[in-house]
Amino acid sequence: TCEAHEYYACGMLGAMLARGEGGPEDDARARTVLEADCADGRSFACAELGLAWHHGDLGEVDDGAALGWLDRACAIDGRACEQARSLRRR
């Protein structure tokens, strides 16, 4: 997990793990880091989870899960509201 609970750093770590940037891809660890950071109210992490599910970075594409995380980011501070609306229009 991301011990520091630093807003941007934890979210970026999770995103990098999901995409395999800077090291091997680790979907399980990416989910753990991003979900914990999102649970702490970090909209960036919630939005990253949504985008990762939408792009298939955490396994199969799951737009239902993507919308849930994007909506959560939107509810926290308005981040990802447009992405959620766009995904709904598809």
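Between Asp71 and Arg88 the shortest side-chain heavy-atom distance falls below 4.5 Å. The shortest side-chain heavy-atom distance between Arg29 and Leu13 falls under the 4.5 Å cut-off. A 4.5 Å side-chain heavy-atom check between Met12 and Glu21 finds every atom pair outside the cut-off.
Here the shortest heavy-atom pairing between Val33 and Cys10 reads CG1-O, 3.3 Å. The shortest heavy-atom contact between Leu87 and Leu67 is CD2-CG, 3.7 Å. Closest of all the heavy-atom pairs between Arg79 and Ala47 is CD-CB, 4.0 Å. Between Asp27 and Gly59, the shortest heavy-atom contact is OD2-N, 3.8 Å. The heavy-atom pair separating Ala80 from Cys74 by the smallest distance is C-CB, 4.5 Å.
In this structure, Arg19 pairs ionically with Glu48, as a charged nitrogen and a carboxylate oxygen lie closer than 4.0 Å. Using a 4.0 Å cut-off between charged side-chain N and carboxylate O, Glu25 and Arg31 make no salt bridge.
The 12-atom threshold is not exceeded at CD of Glu60, counting heavy atoms of other residues, nucleotides or ligands nearer than 6.0 Å.
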Practice item. I would like to know whether Ile76 and Cys46 meet side chain to side chain contact (heavy atoms under 4.5 Å, CB included); could you show each step before the answer? Key: CA-CA 9 Å; Ile76 292 170; Cys46 303; 3.7 Å; yes
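With hydrogens and angles ignored, the 3.5 Å screen pairs no side-chain donor or acceptor of Asp40 with any backbone N or O of Arg42. Although no hydrogens or angles enter the test, the distance criterion places no donor-acceptor pair under 3.5 Å between the side chain of Ser86 and the main chain of Glu82. Of the possible polar contacts, none joining the Asp63 side chain to the Ala66 backbone as a donor-acceptor pair under 3.5 Å is found.
Residue Leu34 belongs to a hydrophobic cluster whose other members are Leu49, Trp53, Leu58, Trp69, with links defined by side-chain heavy atoms closer than 4.5 Å.
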